[in-house]
Colleague: 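Right, I'll just put the structure down here and ask away after.
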Amino acid sequence: MTKTQVGIIGAGPAGLLLSHMLHLQGIESVIVEQRSREDIEATIKAGVLEHPTVELLKELGVGERMVREGYVHNGIELSFGGKRHRIDLPELTGGKSITVYPQHEVIKDLVAAVLANGTTIEFGVSDVSLHGIDGTQPSIRYSKDGAAQEIQCDFIGGCDGFHGPSRQAIPASIRQEHLKVYPAGWFGILCEAPPSSDELIYAQSDRGFVLISTRTPDVQRMYFQCDPNDSVDNWSDDRIWAEFRARLANDDGWQLKEGRIFQKGIIAMRSFVCETMQHGRLFLAGDSAHIVPPTGAKGLNLAAGDVVLLSKAIVDFYRRDDRAGLDSYSARAVKRVWRGEHFSWWMTNMLHDFDGEDTITRRFRQSQLEYTVSSRAAAASLAENYVGLPFEGWQG
Ligand code: FAD
Ligand code: DHB
């Protein structure tokens, strides 16, 4: 049996960031993670870091490689009707931008920092369960290499993503879950090619949405809207490129740069919020409490916002015996979450065509796109949300 102050389930961005922020304030934690270190450091997920997330990682001393190897983007393009329209982020937000730096690189930086802190990350665990969250000595039980283990702690950070056990440990009677499943998925690829554009392109077309993103000068990340039940096996490289070309047809003479595809995957699109995000000594952060469709690039960034609030609340408890931050955690965290949820839903509806839509919905979308690129107020609203609203309780 191990004793620690905060037991954390999940070594994703939320769990690792929580552990590191607590360590910087002299609070110890132990993380349990079901996958291996190699696996979490290689899983391809997010690419876009908001301005507040970037500033946070720098201030926590884990931003050095991100600053060196990430790419600052000062604009995004919205493409529709065969034309591209630029949204100038710093100009519309008082100087803010976003950084393209892959989530698995953030994970590598955070794992290295957490291990250098002397914190234990138990990788490859199974049968994780939560106990005693209603009392003052909760515990996490799990198996490692066939042996039963237990961590006794003061608090549990439930950072185990959408499918983890933490949320389920909150009694169903006090959990209000809001869910919307979209009738589409994103087909994502990584390919060896030079960038097709200096900035991300969010493209709407009658065949469905396309996102052109990037990773490095030689590796590009792209997505197209697909049937969520489709299989990557149905998509040869030729068919994928033909679909991208058809959706990106334009009057500007702009051409997609193609190359060898070396990774393919389909992701589901959901909006989900669990209210409450806390129960007794258990506090949820990140995807364990909320999911957004990927269109606004908000998921990881919302996780960071939760952790800023939660770490401060835990620090106040130990330093000043002040429970106010813990008691109000869910109510405060969920406000920023709802903003991100609404923005992601709004971006999704503006850019995707869903099967069976009526013609009035299509016209609304067209009008919204035209308004967004022609009105400074509308463009500024998109830009403000896209670069990320400030984290409550943190001056970044
Ligand atoms: P996770 O990253 O899901 O981490 C949870 C961890 O808990 C995992 O390592 C998991 O193995 C572990 N775990 C689960 N169950 C257990 C268990 N029983 N026991 C122990 N451990 C467990 N977000 C953005 O902000 N910007 C983007 O550009 C963006 N693009 C995306 C693109 C794609 C293709 C995808 C899939 C997601 C994207 N997201 C983006 C969303 C973002 O990746 C997630 O919101 C983010 O990973 C959430 O972090 P988390 O730590 O809460 O959860
Ligand atoms: C990426 C993912 C997103 O969801 C998004 O909105 C922008 C970029 C990416 O993986 O690069």
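One-based numbering, in listed order, for ligands and for the atoms of each.
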Colleague: How does Glu50 reach ligand 1, by side chain, by backbone, by both or by neither, if only non-hydrogen atoms under 4.0 Å count?
Modeller: neither
Colleague: Under 4.0 Å between a Lys/Arg side-chain N and an Asp/Glu carboxylate O for Glu50 and Arg336?
Modeller: yes
Colleague: Check contact between Gly47 and ligand 1, using heavy atoms of the residue and a distance below 4.0 angstrom.
Modeller: yes
Colleague: Would you mind listing which atoms of ligand 1 come within a distance below 4.0 Å of any non-hydrogen atom of Gly164?
Modeller: 15 (N)
Colleague: Which class fits the ring pair Tyr318 and Phe155: parallel under 30°, tilted 30 to 60°, perpendicular over 60°?
Modeller: perpendicular
Colleague: Out of Glu33, Lys45, Gln103, indicate the one that has the non-hydrogen atom closest to atom 3 (O) of ligand 1.
Modeller: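 Looking at heavy atoms only, the winner is Lys45.
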Colleague: Take Asp353 and Phe209, measure what side chain to side chain contact (heavy atoms under 4.5 Å, CB included) needs, and give me the verdict at the end.
Modeller: CA-CA 7 Å; Asp353 281 46; Phe209 170 73; over 6 Å; no
Colleague: Pairs under 3.5 angstrom, nitrogen or oxygen on both sides, ligand 2 versus protein: list them out, please.
Modeller:
{"unit_1": "ligand 2", "atom_1": "4 (O)", "unit_2": "Pro294", "atom_2": "O", "d": "2.6"}
{"unit_1": "ligand 2", "atom_1": "6 (O)", "unit_2": "Tyr202", "atom_2": "OH", "d": "2.7"}
{"unit_1": "ligand 2", "atom_1": "6 (O)", "unit_2": "Pro294", "atom_2": "O", "d": "3.1"}
{"unit_1": "ligand 2", "atom_1": "6 (O)", "unit_2": "Thr295", "atom_2": "O", "d": "3.3"}
{"unit_1": "ligand 2", "atom_1": "6 (O)", "unit_2": "Ala297", "atom_2": "N", "d": "3.4"}
{"unit_1": "ligand 2", "atom_1": "10 (O)", "unit_2": "Arg215", "atom_2": "NH2", "d": "2.8"}
{"unit_1": "ligand 2", "atom_1": "10 (O)", "unit_2": "Tyr223", "atom_2": "OH", "d": "2.5"}
{"unit_1": "ligand 2", "atom_1": "11 (O)", "unit_2": "Ser213", "atom_2": "OG", "d": "2.6"}
{"unit_1": "ligand 2", "atom_1": "11 (O)", "unit_2": "Arg215", "atom_2": "NH1", "d": "2.8"}
{"unit_1": "ligand 2", "atom_1": "11 (O)", "unit_2": "Arg215", "atom_2": "NH2", "d": "3.4"}

Colleague: For Arg35 and ligand 1, answer yes if some heavy atom of the residue is under 4.0 Å from a ligand atom, otherwise no.
Modeller: yes
Colleague: Any salt bridge linking Arg239 with Glu243? Criterion: basic side-chain nitrogen under 4.0 Å from a carboxylate oxygen.
Modeller: no
Colleague: Taking the inter-plane angle between the rings of Trp241 and Phe244 on a 0 to 90° scale, is it parallel (under 30°), tilted (30 to 60°) or perpendicular (over 60°)?
Modeller: tilted
Colleague: If we only count N/O pairs under 3.5 Å, is Ile267 in contact with ligand 1?
Modeller: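 No - when backbone and side-chain N and O of Ile267 are compared with those of ligand 1, no distance drops under 3.5 Å.
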Colleague: At a 4.0 Å threshold, what atoms of ligand 1 neighbour a non-hydrogen atom of Cys159?
Modeller: 5 (C), 6 (C), 7 (O)
Colleague: Only heavy atoms of Lys298, strictly under 4.0 Å: list the atoms of ligand 1 that pass.
Modeller: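 The list of qualifying atoms is 24 (C), 25 (O).
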Colleague: Please step through side chain to side chain donor-acceptor pair (under 3.5 Å) for the pair Ser139 and Glu150, ending with a clear verdict.
Modeller: CA-CA 7 Å; Ser139 65; Glu150 181 167 347; 3.2 Å; yes
Colleague: Can you find an N/O atom of Asp287 closer than 3.5 Å to an N/O atom of ligand 1?
Modeller: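 N/O-N/O distance under 3.5 Å: yes.
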Colleague: Could you list the atoms of ligand 1 found under 4.0 angstrom from a heavy atom of Gly10?
Modeller: 6 (C), 7 (O), 12 (C)
Colleague: Which atoms of ligand 1 are found less than 4.0 Å from any heavy atom of Gly161?
Modeller: 3 (O), 5 (C), 53 (O)
Colleague: Is any side-chain N of the basic residue among Glu258 and Arg245 closer than 4.0 Å to the acidic one's carboxylate O?
Modeller: yes
Colleague: If you count every heavy atom of other residues, nucleotides or ligands that lies below 6.0 Å from Asn234 atom CG, does the total exceed 12?
Modeller: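 Counting other residues, nucleotides and ligands, CG of Asn234 exceeds 12 neighbours.
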Colleague: So is Ile44 polar-close to ligand 1, meaning N/O to N/O under 3.5 Å?
Modeller: no
Colleague: Looking only at N/O atoms, are Pro13 and ligand 1 under 3.5 Å apart anywhere?
Modeller: yes
Colleague: Using a strict 4.0 Å cut-off to heavy atoms of Gly286, name the atoms of ligand 1 that fall inside it.
Modeller: 52 (O)
Colleague: Counting only heavy atoms from other residues, nucleotides and ligands, does the tally under 6.0 Å from CD1 of Ile360 exceed 12?
Modeller: no
Colleague: Determine, step by step, whether Ser271 and Tyr182 satisfy the side chain to side chain donor-acceptor pair (under 3.5 Å) criterion, reporting the C-alpha distance in whole Å, the side-chain angles of both residues, the deciding distance to 0.1 Å, and the verdict.
Modeller: CA-CA 8 Å; Ser271 297; Tyr182 298 81; 2.6 Å; yes
Colleague: Number the atoms of ligand 1 from 1 as they appear, then name those within less than 4.0 Å of a heavy atom of Arg221, with their elements.
Modeller: 34 (C)
Colleague: Is the shortest side-chain N to carboxylate O distance from Asp160 to Arg167 below 4.0 Å?
Modeller: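 Salt bridge: no.
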Colleague: Please say whether Asn301 places an N or O atom under 3.5 Å from an N or O atom belonging to ligand 1.
Modeller: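 Yes - when backbone and side-chain N and O of Asn301 are compared with those of ligand 1, one distance drops under 3.5 Å.
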Colleague: Evaluate Ala14 for polar contact with ligand 1, using N/O atom pairs at a separation under 3.5 Å.
Modeller: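 Yes - when backbone and side-chain N and O of Ala14 are compared with those of ligand 1, one distance drops under 3.5 Å.
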Colleague: So Tyr71 and Arg215, side chain to side chain donor-acceptor pair (under 3.5 Å) or not? Walk me through it.
Modeller: CA-CA 8 Å; Tyr71 296 90; Arg215 287 294 180 263; over 6 Å; no
Colleague: Would you say ligand 1 has an N or O under 3.5 Å from any N or O of Gly299?
Modeller: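 In this structure, Gly299 places an N or O atom under 3.5 Å from an N or O of ligand 1.
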Colleague: Taking atom types as modelled, is there a side-chain donor on Thr295 or Ser344 under 3.5 Å from an acceptor on the other?
Modeller: no
Colleague: Give me the residue, atom name and distance of the protein heavy atom closest to atom 26 (N) of ligand 1.
Modeller: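 Result: Ala297 O, 3.1 Å.
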Colleague: Checking a contact table here: which protein heavy atom is nearest atom 39 (N) of ligand 1, and how many Å away?
Modeller: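 I find the closest protein heavy atom is Ala46 CB, 3.6 Å.
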Colleague: Is any N or O atom of Ser288, backbone or side chain, closer than 3.5 Å to an N or O atom of ligand 1?
Modeller: no
Colleague: Give me the nearest non-hydrogen protein atom to atom 17 (C) of ligand 1 as residue plus atom name, then the distance to 0.1 Å.
Modeller: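 Result: Gln34 OE1, 3.4 Å.
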Colleague: Does a side-chain N-to-carboxylate-O contact under 4.0 Å join Glu357 and Arg365?
Modeller: yes
Colleague: Note the single closest protein heavy atom to atom 4 (O) of ligand 1, along with its residue, its atom name and the distance in Å.
Modeller: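 Looking at atom 4 (O) of ligand 1, the protein heavy atom closest to it is Gly12 CA, 3.4 Å.
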Colleague: Please determine whether side chain to side chain contact (heavy atoms under 4.5 Å, CB included) holds for the pair Phe80 and Asp206, giving the CA-CA distance in whole Å, both sets of side-chain angles, and the decisive distance to 0.1 Å.
Modeller: CA-CA 9 Å; Phe80 57 94; Asp206 291 345; over 6 Å; no
Colleague: Quick check on contacts: which atoms of ligand 1 are under 4.0 angstrom from a heavy atom of Pro165?
Modeller: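 Near Pro165, meaning under 4.0 Å from one of its heavy atoms, ligand 1 has 17 (C), 18 (N).
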Colleague: Working note: Ile266 + Cys226, criterion side chain to side chain contact (heavy atoms under 4.5 Å, CB included); need CA distance, chi angles, decisive distance, verdict.
Modeller: CA-CA 8 Å; Ile266 293 179; Cys226 66; 3.9 Å; yes
Colleague: Please work out whether any backbone atom (N, CA, C, O) or any side-chain heavy atom from C-beta onward of Gln168 is under 4.0 Å from ligand 1, and answer side chain, backbone, both or neither.
Modeller: neither
Colleague: Looking at Ser126, is its backbone amide N or carbonyl O close enough to the side chain of Gln34 to form a donor-acceptor pair, meaning the two atoms are under 3.5 Å apart?
Modeller: no
Colleague: Under 4.0 Å between a Lys/Arg side-chain N and an Asp/Glu carboxylate O for Arg84 and Glu77?
Modeller: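 So Arg84 pairs with Glu77 through a salt bridge.
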Colleague: Would you say Tyr223 contacts ligand 1, with heavy atoms under 4.0 Å as the rule?
Modeller: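 Under 4.0 Å: yes for Tyr223.
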Colleague: For atom 19 (N) of ligand 1, find the nearest protein heavy atom and state the residue, atom name and distance (0.1 Å precision).
Modeller: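 Closest protein heavy atom to atom 19 (N) of ligand 1: Val128 CG2, 3.3 Å.
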Colleague: Measure Val48 to ligand 1 on non-hydrogen atoms and call it side chain, backbone, both or neither using the 4.0 Å cut-off.
Modeller: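 It is both parts that get close, each with some atom under 4.0 Å.
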Colleague: For residues 2-12, please give each side-chain donor-acceptor pair under 3.5 Å, one per line with the distance, not counting sequence neighbours.
Modeller:
{"unit_1": "Lys3", "atom_1": "NZ", "unit_2": "Gln152", "atom_2": "OE1", "d": "3.3"}
{"unit_1": "Thr4", "atom_1": "OG1", "unit_2": "Glu28", "atom_2": "O", "d": "3.4"}
{"unit_1": "Gln5", "atom_1": "OE1", "unit_2": "Glu28", "atom_2": "N", "d": "2.8"}

Colleague: Please examine the side chains of Phe187 and Met222, heavy atoms only from C-beta on, and report whether any two atoms are closer than 4.5 Å.
Modeller: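 Counting from C-beta outward, Met222 and Phe187 never come under 4.5 Å.
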Colleague: With a heavy-atom distance limit of 4.0 Å, tell me whether Leu300 approaches ligand 1 through its side chain, its backbone, both, or neither.
Modeller: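 Both backbone and side chain.
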Colleague: Parallel, tilted or perpendicular, judged at 30° and 60°: which one describes the rings of His342 and Trp345?
Modeller: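 Aromatic pair His342/Trp345 classed tilted.
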Colleague: To the nearest 0.1 Å, how far is atom 14 (C) of ligand 1 from its closest protein heavy atom, and which atom is that?
Modeller: Asp160 O, 3.1 Å
